[in-house]
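Below is one structure, written out as structure tokens, with a few remarks after it.
All chains are named by letter (A, B, ...) in the order of the sequence lines, taking the proteins before the strands, and each is independently numbered beginning at 1. Basis for what follows: all heavy atoms, side chains included, without hydrogens, waters or symmetry-related copies.
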Amino acid sequence: MQAARDGSAAAGGLLDNVEASAQEALDRGDLRAALTVLMDAYGADIYRFCRNFAGDTQLAEDLRQVVFMQAFEALPQFSRRSTLRAWLYGIARNRCLDAAKGRRRWRKRFQLTDAPAERVAGPAPDPTDLDQPLLHRALAHCLDRLDAELRMLVLMRYSEELSFIELAQAFAAKPATLQARVARAMPGLRRCVHAQEMNA
Amino acid sequence: MSHAGADDQAAAACDRFEHEGLLHLEQGLALDTHFDTCADCRAARAEHERLRAGLAGMAHAHTGRADWQARVWAGLERRHARRRRRWAWLVAPAALAAAGAAGALLLIGRPGPEGPTLAYAIQRPHQGAAPLRSDHAQPGDTLAIRAVGGGAHAELRLYRDDRALVLRCSDQAPCSRDADLLRASVPVDERGRYQIVFLHADRPLPAPTGELDRDIADARAAGAAVELRELDVL
């Protein structure tokens with residue numbers, strides 16, 4: 001859903017088409033078709049969010065897989081109180097929190113492969129921008145220092161570009177509360193990034 | 001004003017963007033002219049926008065494995081196969097005979113040597129008596145919790161997102177107790193990750209703090225047995 005991230009009206013229309021298409025499949029009882037629409041539309045976004053949150057490629061793969069498996073099983077009870085996109089991010093939030101609570105407990109419950117987890121230093125930098133690698137490394141380091149909920153909130157807001165209405169649905173909190181939390185978090189994040197860049 | 005005082009004042013950077021401007025931006029409100037004319041605030045805003053762009057660009061090019069969707073379908077098939085095997089021994093002929101009419105509660109729990117000791121079912125309003133077997137519910141559903149066994153002291157607790165204690169009871173409403181069977185019926189109205197905890201011990205249980213991990217640790221330190229089930233309210 002990269003095209004939907006540029007905030008344009010066309011992008012918004014694309015999202016509406018995805019939601020409508022998935023809802024139509026749900027209405028006729030075709031869960032497989034509904035999940036396929038959601039995976040095609042949001043699979044890359046959910047993976048990116050999980051990878052940025054966990055900083056771990058293998059864990060992000062497993063998290064994405066579990067998110068969509070759970071989505072399939074929960075689709076019959078989808079209440080339409082939110083968009084499917086926000087609903088998926090709510091599932092991803094819960095799974096990422098489980099992972100953050102303890103890798104050992106998570107692996108016992110959700111480990112889907114035997115491959116050892118690969119720890120990456122952060123998101124891969126854009127080789128054409130000499131400033132970006134340092135900034136991304138600094139962001140990855142500083143995000144890792146936030147508590148799990150706040151890290152998720154910042155990533156969903158600025159990396160995944162969810163609206164505060166969608167964030168409220170994913171976090172089961174009021175938009176005003178989340179706006180204040182994000183506003184309070186960013187100065188500290190900025191200071192941390194600045195310190196990282198100065199020390200690089 | 002002394003020369004030293006003026007220097008101190010001049011050195012103090014304006015932090016209105018941090019304390020006020022940023023929140024207004026998040027709220028979608030227009031910023032007043034100060035934020036256009038103040039050099040400190042303009043610099044702070046520019047830095048904020050740089051971080052926003054950086055966050056928006058993180059891991060942008062990575063989409064993961066090419067076969068990930070096939071793995072989702074394979075994982076679902078494996079899970080369903082496991083459930084078919086698991087429920088085959090639970091729904092034995094004798095159990096069916098004892099279950100009675102359609103209002104029987106199908107329980108979700110991990111069977112131990114003597115059967116499940118903590119289990120729950122999801123009851124949905126306006127959809128008849130048939131309960132749901134699921135690890136997810138939706139706002140407005142009711143959790144029918146059942147716990148069997150325990151010492152002189154036993155209680156049920158329900159946490160949300162590890163740190164909100166939603167329910168704590170033993171033999172008073174919303175719990176009820178019949179010998180060693182403890183039941184509770186709890187509506188869940190808020191989304192989140194819920195943890196159903198059954199604690200039982202031969203001595204009084206420590207009072208909960210409201211934080212799941214700490215409360216479980218305290219209970220175990222006091223000699224209590226702890227069982228836990230989790231579900232999402234989506």
Name the member of A:Met186, A:Met39, A:Gln169 that forms the most heavy-atom pairs with chain B at distances under 4.5 Å.
A:Met39
Do A:Glu73 and B:Leu76 come within less than 4.5 Å of each other through their side chains, counting heavy atoms only?
yes
Side-chain heavy atoms of A:Ser159 within contact of B:Arg52, under 4.5 Å:
no
Less than 4.5 Å apart, any side-chain heavy atom of B:Leu51 and any of A:Leu135?
yes
Tell me the closest heavy-atom pair linking B:Glu26 and A:Gln179, and the distance in Å.
O-NE2, 3.6 Å
How are the rings of A:Tyr158 and B:His48 set to each other: parallel, tilted or perpendicular (split at 30° and 60°)?
perpendicular
Which distance, rounded to the nearest 0.5 Å, do you find between the OG1 of B:Thr63 and the CD1 of A:Ile46?
14.0 Å
Taking the six-membered ring for Trp and the full ring for Phe, Tyr or His, determine whether the centres of B:Trp68 and A:Tyr47 are under 6.0 Å apart.
no
Flag, side chain of B:His136 to backbone of A:Gln70, donor-acceptor distance under 3.5 Å
no
A:Glu149 bridged to B:Arg163 by N-O distance under 4.0 Å
yes
Once rounded to the nearest 0.5 Å, what's the spacing between atom CE of A:Met156 and atom CG of B:Leu55?
14.0 Å
In Å and rounded to the nearest 0.5 Å, what is the CZ to CE distance from A:Phe53 to B:Met58?
12.0 Å
State, yes or no, whether a side-chain contact exists between A:Asp40 and B:Gln69 at a heavy-atom distance under 4.5 Å.
yes
Please assess B:Arg193 against A:Arg95 for the test side chain to side chain contact (heavy atoms under 4.5 Å, CB included), listing each intermediate value before the final yes or no.
CA-CA 9 Å; B:Arg193 181 86 166 137; A:Arg95 297 292 72 77; 2.9 Å; yes
What part of B:Asp161 lies closer than 4.5 angstrom to a heavy atom of chain A: side chain, backbone, both or neither?
side chain
Under 3.5 Å, side chain of A:Glu61 to main-chain N/O of B:Arg65, donor-acceptor pair present?
yes
Using modelled atom types and a 3.5 Å cut-off, is there a donor and acceptor pairing between side-chain atoms of A:Arg81 and backbone atoms of B:Pro139?
yes
Using a cut-off of under 4.5 Å for heavy-atom pairs, which of B:Gly21, B:Gly64, B:Ala44 has the most such pairs with chain A?
B:Gly64
How far apart are the C-alpha atoms of A:Arg93 and B:Asp232, what are their side-chain angles, what is the distance that settles it, and do they pass the salt bridge (Lys or Arg N to Asp or Glu O under 4.0 Å) test?
CA-CA 11 Å; A:Arg93 168 187 173 264; B:Asp232 291 331; over 6 Å; no
Do the non-hydrogen side-chain atoms of A:Gln77 and B:Arg124 ever get within less than 4.5 Å of each other?
yes
Heavy-atom proximity to chain A below 4.5 Å, by part of B:Glu20
neither
Given heavy-atom pairs under 4.5 angstrom as the criterion, report whether the side chain, backbone, both or neither of B:His80 touches chain A.
side chain
Considering all heavy atoms of both residues, which atom of A:Ser79 and which atom of B:Gln138 are nearest to each other, and what is their separation?
CB-OE1, 2.9 Å
Taking A:Gln65 for the side chain and B:Arg71 for the main chain, is one N or O donor matched with an acceptor at less than 3.5 Å?
yes
State whether B:Trp73 and A:Arg32 meet the cation-pi test: NZ (Lys) or CZ (Arg) under 6.0 Å from the six-membered ring centroid, and within 45° of the perpendicular axis.
yes
Considering only NZ, NE, NH1 and NH2 on the basic side and carboxylate oxygens on the acidic side, decide whether B:Arg50 and A:Glu197 come within less than 4.0 Å.
yes
Ranking A:Ala74, A:Gly43, A:Ala172 by heavy-atom pairs under 4.5 Å to chain B gives rank one to A:Ala74
Which region of A:Leu143, side chain (C-beta onward) or backbone (N, CA, C, O), has a non-hydrogen atom less than 4.5 Å from a non-hydrogen atom of chain B, or is it both or neither?
side chain
Pairs of heavy atoms under 4.5 Å with chain A: top-ranked of B:Leu23, B:Asp15, B:Val72, B:Leu22
B:Val72
Using heavy-atom distances under 4.5 Å, tell me whether A:Phe68 contacts chain B through its side chain, its backbone, both, or neither.
both
Chain B contacts, top residue of A:Leu139, A:Ile91, A:Leu178 (heavy-atom pairs, under 4.5 Å)
A:Leu139
Is any side-chain heavy atom of B:Leu234 closer than 4.5 Å to a side-chain heavy atom of A:Asn94?
yes
What I'd like to find out is whether the side chain of B:Glu47 reaches to under 4.5 Å of the side chain of A:His194, using heavy atoms alone.
no
Check whether any side-chain heavy atom of B:Glu18 lies under 4.5 Å from a side-chain heavy atom of A:Arg184, and answer yes or no.
no
